Asker: 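Got a structure for you, written out below as structure tokens; questions coming shortly.
Values below: all heavy atoms of this structure, side chains included; hydrogens, waters and symmetry mates excluded. Chain letters run A, B, ... following the sequence lines, proteins first and then strands; every chain starts at 1. Every value quoted in this text rests on a predicted model; they were computed, and no experiment measured them.
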Protein chains: 2
Amino acid sequence: MATTELAITISDAEWRVMRIVWTLGQADSRTIIDLLEQQHDWKAPTIKTLIGRLVKKGALGTTKNGRQFIYTPLIKEQAAMDGALLNELDQMCAMHRGTSLVHVLEQTELSKTDVQNLIDCLAQKLPTAPDMVACDCLPNGCEGSCEP
Amino acid sequence: MATTELAITISDAEWRVMRIVWTLGQADSRTIIDLLEQQHDWKAPTIKTLIGRLVKKGALGTTKNGRQFIYTPLIKEQAAMDGALLNELDQMCAMHRGTSLVHVLEQTELSKTDVQNLIDCLAQKLPTAPDMVACDCLPNGCEGSCEP
DNA sequence: TCCCTTCGTTTACAGATGTAATCTTAATTG
DNA sequence: CAATTAAGATTACATCTGTAAACGAAGGGA
């Protein structure tokens, strides 16, 4: 069987690097360093370390270009985003996720298209949505301890 | 001025402890340990460490009850959830957040009430929603590098 | 009163993360 | 060809996190 494929974890700082490469499609270290030095107070070696860790983690691939490397994303941006958010949500109380998502939507700037897509998605869920989602914080269900 | 109030960060393992205390409203260490030993392969000392760190961080308060302590949450569950999710979202490309939220909603079990609240929230945003949200991954905007 | 249980505290230790200096090597330039 | 520069690799180090053993004090039971 294939190598055990544990989801790649990208740290906050590493996320900045990935965003550059995802947006540009590919980039050499000079480009990444120049861009990140503008956005943060990071020194070049710091950024090199982050790039190195991302390559080791398998989040970035390298192609030799003369003396340098060209870095390309090996994982999809949207998939990484979805995974990180679902991961975070999954560790929270199932009963309160809905409310939290309302708060998140309220505070997030969304395009008309996004809003429409979200509405469509919800409209589709509405008919089959359960009357309530139980709290899953305790081993034996909520046993009346938690009120919505 | 008051003590600098840096938002409290709760790690994954600590989150498990908080969920118990949030759900029960308050709990002594015996209760927390018993419940978590059922859910995980953690030893009692591990859980004690987590409780201790949460107290030090200011996420849990203590009240002496004879020889023991009663732990109570000092931060709100919903606020912690909202904060963690917004934090995660905020470090991602603004242009792609909407799509990610669609994926998250698709994969999250929501009650009818949640779905309705979400729809209401979106209906309210729709009129004023911008036609598009720009990518904010590069210092000077996207300069055509990123297509939606 | 003396031992055992229990609680909370202290110490331990490896891996991840943020942050960066140093070094090696190859290329650039005068 | 020598000196400088730039790229990637190696090393550094404090903090946070996951995971836990060990320890000291306080109570409870024999």
Asker: If we check side chain to side chain contact (heavy atoms under 4.5 Å, CB included) with A:Met18, which of these qualifies: A:Ile51, A:Leu50, A:Ile75?
Answerer: A:Ile75
Asker: My understanding is that only residues two or more places apart in sequence, or in another chain, count here; which of them pass side chain to side chain contact (heavy atoms under 4.5 Å, CB included) with B:Leu86?
Answerer: A:Val104, A:Gln107, A:Thr108
Asker: In whole angstrom, give the distance that lies between atom NZ of A:Lys48 and atom C1' of D:dT11.
Answerer: 14 Å
Asker: Just how far, in rounded Å, is P of D:dG18 from CD of B:Gln39?
Answerer: 15 Å
Asker: List the residues meeting side chain to side chain donor-acceptor pair (under 3.5 Å) with A:Lys76, not counting sequence neighbours, and say none if there are none.
Answerer: none
Asker: Looking at D:dT17, I'd like to know if its phosphate oxygens (OP1 or OP2) sit under 4.0 Å from a side-chain N or O belonging to B:Lys57.
Answerer: yes
Asker: List in chain and number order the residues that pass side chain to side chain donor-acceptor pair (under 3.5 Å) with B:Arg67, two or more places apart in sequence or in another chain; answer none if no residue qualifies.
Answerer: none
Asker: Within residues 59-78 of chain A, find the residues that approach DNA chain C with a heavy atom at under 4.0 Å, and present them sorted by residue number.
Answerer: A:Arg67
Asker: Is there a chain of hydrophobic side chains (I, L, V, M, F, W, Y, each step under 4.5 Å between heavy atoms) that links A:Val55 to A:Ile70?
Answerer: no
Asker: For residues 15-25 of chain A, pull every pair meeting salt bridge (charged side-chain N to carboxylate O under 4.0 Å, His left out), keeping only residues two or more places apart or in separate chains.
Answerer: A:Arg19-B:Asp136
Asker: With the side chain of A:Arg53 defined as its heavy atoms from C-beta on, choose the nearest nucleotide among D:dA9, D:dT19, D:dA12.
Answerer: D:dA12
Asker: Is any side-chain nitrogen or oxygen of A:Thr46 closer than 4.0 Å to OP1 or OP2 of C:dT19?
Answerer: no
Asker: Taking only residues two or more places apart in sequence or in another chain, which ones pass side chain to side chain donor-acceptor pair (under 3.5 Å) with A:Asn117?
Answerer: none
Asker: Filter on side-chain hydrogen bond (donor to acceptor under 3.5 Å, both in side chains), then keep only pairs touching residues 56-65 of chain A, sequence neighbours left out; what's left?
Answerer: A:Glu14-A:Lys57
Asker: Whole angstroms only, please: what is the NZ-C1' distance between A:Lys56 and D:dT10?
Answerer: 10 Å
Asker: Heavy atom of residues 12-21 of chain B under 4.0 Å from DNA chain D: which residues?
Answerer: B:Asp12, B:Ala13
Asker: Of all of residues 28-38 of chain B, which get a heavy atom below 4.0 angstrom from DNA chain C, listed by number?
Answerer: B:Ser29, B:Arg30
Asker: I need the full list of ring pair (Phe, Tyr, Trp, His ring centres under 6.0 Å) pairs touching residues 12-38 of chain B, with sequence neighbours left out, sorted by first then second residue.
Answerer: B:Trp15-B:Trp22
Asker: Can you list the residues that meet the side chain to side chain contact (heavy atoms under 4.5 Å, CB included) rule with A:Thr49, with sequence neighbours excluded?
Answerer: A:Arg53
Asker: Write down the distance between CG (B:Leu50) and P (D:dC16), rounded to a whole number of angstrom.
Answerer: 15 Å
Asker: Counting only side-chain heavy atoms from C-beta out, which of C:dT9, D:dT17, D:dA21 sits nearest to B:Lys43?
Answerer: D:dA21
Asker: Which nucleotide, D:dT17, D:dA7, D:dA20, lies nearest any side-chain atom of B:Trp42?
Answerer: D:dA20
Asker: What nucleotide, of D:dA20, C:dA20, D:dT17, holds the atom closest to the side chain of B:Thr9?
Answerer: D:dT17
Asker: C:dA16 C1' sits how many Å from A:Ile10 CD1, rounded?
Answerer: 14 Å
Asker: Between atom CD1 in B:Ile47 and atom C1' in D:dA21, what is the gap in whole Å?
Answerer: 15 Å
Asker: Which residues satisfy the salt bridge (charged side-chain N to carboxylate O under 4.0 Å, His left out) test with A:Asp34, sequence neighbours excluded?
Answerer: A:Arg30
Asker: Under the criterion side chain to side chain donor-acceptor pair (under 3.5 Å), I'd like the reasoning laid out for A:Asp120 against A:Gln116: C-alpha separation, chi angles, the key distance, then a yes or no.
Answerer: CA-CA 6 Å; A:Asp120 292 347; A:Gln116 195 54 60; 3.2 Å; yes
Asker: Let me know the distance between CG of B:Leu54 and P of D:dC16, rounded to the nearest Å.
Answerer: 14 Å
Asker: Think A:Ser11 has a side-chain N or O under 4.0 angstrom from the OP1 or OP2 of C:dT17?
Answerer: no
